[in-house]
Q: 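Quick one: this structure, given as structure tokens, is what I'll be asking you about.
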Amino acid sequence: MELRFLGGASEVGSLGLVVRDQGRTLLFDYGLTPTDPPTYPRPAPTNVDLAFLSHAHLDHSGMTPVLSRLPHAKLVATPVTIAVADLLTKDALKIARLEGYLSPYASSDIHALHGRFVAVDRHATFRHRGIEVELTPAGHIPGATMQLYRGEKDVLFTGDLQTIPTHLVGGAEPLECDILVMESTYAGREHPDRRETERRFRDKVAETVERGGKAIVPAFAVGRAQEVLMTLAHSGFSIYLDGMARTVDEIYLAAPEYLADARRFRHALEGVNVVEHAGQRKKALHDADVIVTTGGMLDGGPVLFYIGELYRDPKSSILLTGFQVDGSNGRQLLDDGTLTVDESTIRPACEVLKFDFSAHAGHSDLVKLARASRAKTVVLMHGDHREALRDALEPTCDVVLPENGRAFVL
Ligand SMILES: [Zn+2]
């Protein structure tokens, strides 16, 4: 069995893994890195028989439209992943047009991909021409799955995973396999206690409101915004939601079986005022205690409007809820207290804090999952400091740290 990463082996982004086994060519995820400008993985082989998409985030799904140009590749994913990936790839293309980047695909490719999708439930086994792949929930976000390929050896590809239950989804359970291909985003790092983080977050919103300010909560549209809204549910604040998260909410509401508690999710959304169009933003600004909005790294989206209006107000706060990649506005704000908006630099007077609402398993939980899988070989991917995990796992199994583009045989 030969494995080769097209991207995403040693970095968080542009993931793609090609597996060749018994004359078949399989592709697991095919994403881009949504930086400014975006970066892309290596080209996919033209003879891909089947592709699997673990979940909708662009670093896993962003290149899938090009698969529609391959002669016969089908793309297997859960219905929720298919719907959200369609939304995100369309948005990525729109941003490319606005920013003047050359996109690797056109809207006709996104459309053509609809004919290649095969929707499979998150607990189902997919069989096609002798190929057997079992899907199982990965935690992380609704619709996310791990894929267990039953070939010459059993290979479990995790995509992104979270083992602790969150408001939105339950945690991933380990599966036994021969080869475990595992994400390593949080190798060497642990998360603070989740409930404690949520308490501190609600307390900070309350403190902001009590002193007469407003809390701006930048959040990724897929997963994070919904998790934050559920954390704020029934807190008595006037909550506004703006950006693409609104459409994602609708996709989740239409697939209640993919949520840990659909009734509670629906209930949480009932208390939220939705900003339907830009004309309602002034009203939101006036009425809201807390505004949950995209983009999560402050590089675009309605969040820049709200910050533009409130940044001089020392009573207000900007409460970051997601990972801030190097080079992003959010990272710049955390590191030196400034933001670049329309080519000018501003220094918000608001209080700025970051809360760890991560949807990825921390180091110890990754180690636990790997040990429980009883894999003889663990391939670490999707991480920029994988050595810490290798050191923890090596006493009990072989660990491979692959490099992008270099094939290896297992
Ligand atoms: Zn993800």
Side-chain angles (χ1 to χ4, degrees), residues 5-17 27-35 38-39 41 51-64 75 77-78 80-89 91-92 122 135-147 156-172 181-187 189 191 218-228 244-245 248 251-252 258-260 294-297 321-325 328 330 356-362 365-366 369 380-384 386:
F5 280 87
L6 303 176
S10 55
E11 76 275 13
V12 178
S14 297
L15 186 63
L17 168 65
L27 175 65
F28 291 88
D29 286 354
Y30 201 28
L32 53 74
T33 307
T35 38
T39 58
F52 295 87
L53 177 56
S54 66
H55 67 289
H57 284 149
L58 279 176
D59 55 331
H60 297 253
S61 74
M63 284 292 279
T64 53
L75 180 56
T78 62
V80 172
T81 295
I82 291 172
V84 180
D86 184 58
L87 181 72
L88 290 188
T89 47
D91 188 61
R122 69 210 184 286
L135 273 63
T136 184
H140 192 53
I141 58 169
T145 56
M146 307 194 282
Q147 282 73 236
L156 179 66
F157 175 85
T158 65
D160 287 348
L161 78 99
Q162 170 65 292
T163 55
I164 62 157
T166 57
H167 291 294
L168 275 182
V169 282
V181 183
M182 185 170 75
E183 69 121 319
S184 324
T185 313
Y186 275 83
R189 290 180 292 161
H191 299 298
F220 306 129
V222 179
R224 195 61 42 85
Q226 294 77 19
E227 194 67 30
V228 166
M244 196 168 54
V248 178
I251 294 170
Y252 289 174
Y258 280 80
L259 299 170
T294 49
M297 295 194 209
T321 59
F323 179 71
Q324 307 296 316
V325 76
S328 66
D356 184 340
F357 278 95
S358 178
H360 292 268
D365 289 331
L366 289 171
L369 183 110
L380 297 176
M381 60 166 184
H382 200 274
D384 46 22
R386 297 172 292 169

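This is a predicted model, so every value here is computed, not measured. Order of appearance sets the numbers: ligands from 1, and atoms from 1 within every ligand.
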Q: Check side-chain contact (heavy atoms from CB on, under 4.5 Å) between A77 and all other residues, then give those that pass, not counting sequence neighbours.
A: L53, T81, I82
Q: Please give me the minimum heavy-atom distance between A56 and A85, naming the atom from each residue.
A: CB-N, 3.6 Å
Q: Looking only at atom types and distance, does a side-chain atom of H57 sit under 3.5 Å from a main-chain N or O of G31, one as donor and one as acceptor?
A: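 Not confirmed, H57 side chain does not pair with G31 backbone.
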Q: Sequence neighbours left out, what passes side-chain contact (heavy atoms from CB on, under 4.5 Å) with S328? Give chain and number order.
A: M297, D299, Q324, V325, R331
Q: Distances under 2.8 Å only: what protein N/O/S atoms are near the Zn ion (ligand 1), ordered by chain and residue?
A: H55 NE2, H57 ND1, H140 NE2, D160 OD2
Q: Kindly write out the residues that satisfy salt bridge (Lys or Arg N to Asp or Glu O under 4.0 Å) with D365, not counting sequence neighbours, or none if the list is empty.
A: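 K368.
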Q: Y186 vs H360 aromatic rings, parallel, tilted or perpendicular, using cut-offs 30° and 60°?
A: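 Rings of Y186 and H360: tilted, as their planes differ by 30° to 60°.
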